[in-house]
Number of protein chains: 2
Amino acid sequence: MRPTPRVETFPANTPAASQIFTTVLSQGPLTRLEVARRTALSPAAVTKAVKPLIEAGYLVEDAADEARPALGRPANPVRVDGGRALFLGVKVTGDEIIGVLTDLCCRTRGARRAPLADRAPQPVLTAIADVVAELLSQANELGVGVHGVGVAVSGDVDRAEGVVRYSPFLNWRDVPLAELASLTVGLPVTVDNDVRALTVAEQWFGAGVGLSDFAVVTVGAGIGCGLVVHGRVVAGAHGVAGEIGHVTVDPAGPPCHCGNRGCVEAIAGEEAIVRQVREATGVEVRDAAEAVTLAHRGVPGVREVYARAGEAIGRGIATVANLLGPERVIISGEGLAAYDLFAEQIRDTLTAAAFGSAAQCDVQTRPLPFEEWARGAAATAIQSFITPDDPHPSR
Amino acid sequence: MRPTPRVETFPANTPAASQIFTTVLSQGPLTRLEVARRTALSPAAVTKAVKPLIEAGYLVEDAADEARPALGRPANPVRVDGGRALFLGVKVTGDEIIGVLTDLCCRTRGARRAPLADRAPQPVLTAIADVVAELLSQANELGVGVHGVGVAVSGDVDRAEGVVRYSPFLNWRDVPLAELASLTVGLPVTVDNDVRALTVAEQWFGAGVGLSDFAVVTVGAGIGCGLVVHGRVVAGAHGVAGEIGHVTVDPAGPPCHCGNRGCVEAIAGEEAIVRQVREATGVEVRDAAEAVTLAHRGVPGVREVYARAGEAIGRGIATVANLLGPERVIISGEGLAAYDLFAEQIRDTLTAAAFGSAAQCDVQTRPLPFEEWARGAAATAIQSFITPDDPHPSR
DNA sequence: CCCCTTCTTTTCCCTCGTCAATAAAAGAAG
DNA sequence: CTTCTTTTATTGACGAGGGAAAAGAAGGGG
């Protein structure tokens, strides 16, 4: 049993209350009647559940709706008071710790980054503690308590147990990060995979609100994918899921670090793009930003590299669409800076390669400031606060 | 509202009762205490739910366990009385109607096939009615009532509404098959996609019992895939899901009828194999059986065709494993007759192409008599009988 | 014959959510 | 200005469903 530090606990104990709160949280101000409709509960149940939540300050009566219909008693919308509680989200990358301070509605209230010299668990913990301490002092200025910390790590993470099973990037195995960090920072800590955390943020606070089946595709150094099926984030039986980056796109393609050839990541990952641009132009391109510049400058051969990358990503998304039939695909990640360079290819390839009505799935892109990853971590902390027993809550 | 004919209805009204019954149904004879453990309910709740089910004859006390431990009151296992109710399953193919009679435990009690001359809805309905009538007379001899009919059709099927949205094979669009068939046969009818139906059978009565995440891959004329995620069969937001057959394996591969190149089905589907064997040998091979014979006879080039097919299937499965991380993959279908010809390739490719621990997923094969498809349909009827309101019940 | 162990049942209780009736807050109608 | 209509919110009685605890049942062992 991981020690749970003594902090305020959320006053919604019944499943119905959590469901009602979550609905209001992600679907904005809603009248009680509207909540009842969306949760398939009776209006009476909503009233009863809402009352203690208002008393505890988590919900507030919203200003009456301007565009109210002429007839009947005016509706009395309710919304979550974001300022009632604060949360921290921390993203651990190979060389940096990125932290954000968010409110209960997962709006960013502060941010902090710190370089990471050593990737071993202890130094990482220390670095996390530093970032957390700084953010806590920011929180202090706001005069609101921090109710939980979420940590996002790439790799195989067991959120229920709070253990990092295996992170190739950090070279960790079976590190009980939640427990360790919780002892260090004195707050409840939730640990989850980074892409899943981002997916949680979209599910509760982003473009996935109200959807029971969607996918988040991240384009950057790696190509990742978070899946929501039946309203729940997919975690995979063995900790692996959403590895769209290692879907084979062309068995004769370039070798991938995973040992295969022609993975999406081996064609459209940042490193792969830089390499291909270098090969195509002879210019000693250093990073993705330089490659994008070359492309925009019209250097011959560079656009073709991005076109191929777009095709690879499109095929990866088409595969997801064929297998799961999501309602929407949300494309995100640092690589979106170059989105104009492959948008068309992604769309075209998806349309061509998706089977039947799978091609109908809506594709959205969202710009991703780097703090977004940390915000995802905060979203998992918010989930854990609201539904402490459910390791992978549904919509 | 589809008319529901007057028949006996299942006496488990509460969610807990359904859950308890389902657990006993698929997990064999269980003591009440064991049921309580597996459903996370209290022993008292189990006793209360079991009583009316025994009174109604759906559950029976099993013979006491032989290998009982020396201590304490002997356990009193309970099991489902399969003979208490009968169901029909009907699979509609392009040229044939296949029907089975099963008991409540989905054990086959009879079978009937009838050729299909015309694929239009009306002739198909007539043919279904004929097969159903014959099976009903078989049921009559058993002296047990038939409580529902399941119909499995390939294509985009909306089970909740009982409508075949689009079936390319039959060239149907928006046919309200459940309603029509129900009127014709005078019994409740459930309509579902064929691969999903097969998946349901595995989930409740086969190799998927107790698993919350697994995949069923069917190898035959087409290559299909049923997915169970979070304990529920995946249906897809637009009716498409599990289209593993149209996952691209080699963008430079042979053209597929779907318009792309190098789909799994274009390499490993029955038609594709026959074509490739013909090309490789010059022999005028007619069907898959002949191709298998040639392969076993050692005709040069034929085994290579199967090897390529196995590789394609393996890549498809690896893709599923990478994206969803299932606990198990169940390979099934008529094409299994040639399983020895590609077993090795499937395994090897899966191991190589799966990312990280995704390769750990267990792969099982099950021989598939053709009635199995119809049995899947019966399984959906059993589900509908037990949980009438839930179109896609969980474990 | 009594005790011990384990499974099952009973009894009581409590929680949660629905139902139905009521209150509340407007504008509309007269 | 009063009364009616319409819609939203609240209240309180009721009941179903499941849990806790204790008793009962069915053996074996001392």
Side-chain angles (χ1 to χ4, degrees), chain A residues 10-24 27-56 59-79 386-387 389-390, chain B residues 10-24 27-56 59-79 386-387 389-390:
Chain A
F10 190 64
N13 20 20
T14 92
S18 300
Q19 197 195 351
I20 289 169
F21 186 79
T22 307
T23 304
V24 176
Q27 321 216 6
L30 289 175
T31 71
R32 291 162 174 82
L33 219 54
E34 192 52 37
V35 174
R37 237 169 266 140
R38 302 198 189 188
T39 56
L41 292 163
S42 71
V46 176
T47 293
K48 285 176 199 169
V50 160
K51 189 181 291 179
L53 288 169
I54 287 186
E55 274 162 15
L59 292 180
V60 291
E61 308 245 319
D62 205 45
D65 205 349
E66 302 306 310
R68 97 166 73 97
L71 237 51
R73 170 175 175 174
N76 209 349
V78 161
R79 65 175 173 79
I386 296 173
T387 56
D389 343 286
D390 194 345
Chain B
F10 190 64
N13 20 21
T14 91
S18 301
Q19 197 194 351
I20 288 169
F21 185 79
T22 307
T23 304
V24 177
Q27 321 215 7
L30 290 175
T31 73
R32 290 164 174 81
L33 215 56
E34 193 52 38
V35 174
R37 239 169 264 138
R38 302 197 188 188
T39 55
L41 291 163
S42 72
V46 176
T47 294
K48 284 180 207 167
V50 160
K51 190 180 291 179
L53 288 169
I54 286 186
E55 273 162 15
L59 292 180
V60 291
E61 309 245 320
D62 204 45
D65 206 349
E66 302 306 310
R68 99 167 70 97
L71 237 52
R73 170 175 174 173
N76 210 348
V78 161
R79 64 173 174 81
I386 295 173
T387 56
D389 345 285
D390 194 344

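Protein chains get the first letters and strands the later ones, always in sequence-line order, with residue 1 at the start of each. Here the structure is a predicted model, which means the values were calculated and not measured.
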Counting the atoms with a prime plus P, OP1 and OP2 as sugar-phosphate, which does L33(B) contact under 4.0 Å by heavy atoms, base, sugar-phosphate, or nothing?
base
Could you check how far CD1 of I54(A) sits from P of dA9(D), rounded to whole Å?
11 Å
Can you check the E61(A) CD to dT8(D) P distance for me, whole Å?
15 Å
Across all strands, who's sitting opposite dG12(D) as a Watson-Crick or G-U wobble pair, both distances under 3.5 Å?
dC19(C)
Could you give the distance from CD1 (I20(A)) to CZ (R32(A)), rounded to the nearest 0.5 Å?
10.5 Å
Pairing partner of dT8(C) (Watson-Crick or G-U wobble, both distances under 3.5 Å):
dA23(D)
Return the value, rounded to whole Å, for the distance between atom CG of D62(A) and atom P of dT8(D).
16 Å
Measuring from E34(B):CD to T39(B):OG1, what's the distance to the nearest 0.5 Å?
9.5 Å
To the nearest angstrom, the CD-P distance between E34(B) and dC7(C) comes to 9 Å
Would you call E55(A) and K51(A) a salt bridge, taking side-chain N to carboxylate O under 4.0 Å as the test?
no
5' precedence on DNA chain C between R37(B) and A44(B) (nearest-nucleotide basis):
R37(B)
Separation of dG27(D) P from N76(B) CG (nearest whole Å)
10 Å
Under 4.0 Å, counting only non-hydrogen atoms across every strand here, what does A45(B) touch: a base, just sugar-phosphate, or nothing?
sugar-phosphate
Rounded off to whole Å, could you give me the CG-to-P distance for the L53(B) and dT9(C) pair?
13 Å
Identify which nucleotide among dC19(C), dT8(D), dT6(D) has an atom closest to any side-chain atom of R73(A), counting heavy atoms from C-beta outward.
dT8(D)
Heavy atoms from C-beta onward define the side chain here; which of dG17(C), dT5(C), dT6(D) lies closest to that of L71(B)?
dT5(C)
Using only side-chain N and O atoms of R32(B), determine if any of them is under 4.0 Å from OP1 or OP2 of dT9(C).
yes
Please tell me if K51(A) has a side-chain N or O lying less than 4.0 Å from either OP1 or OP2 of dT11(D).
yes
Separation of dC7(C) C1' from K48(B) NZ (nearest whole Å)
17 Å
Let me confirm one number: the CG-CG distance from N76(A) to L33(A), rounded to the nearest 0.5 Å.
12.0 Å
With the side chain counted from C-beta on, respond yes when F21(B) and V78(B) share a heavy-atom pair under 4.5 Å apart, and no when they do not.
no
Less than 4.0 angstrom between a side-chain N/O of T14(A) and OP1 or OP2 of dG17(C), yes or no?
yes
Calculate the interatomic distance between L41(B) atom CG and dC7(C) atom P; express it in whole Å.
17 Å
If you check the A75(A) side chain, which of dA21(D), dT8(D), dT8(C) turns out closest?
dT8(D)
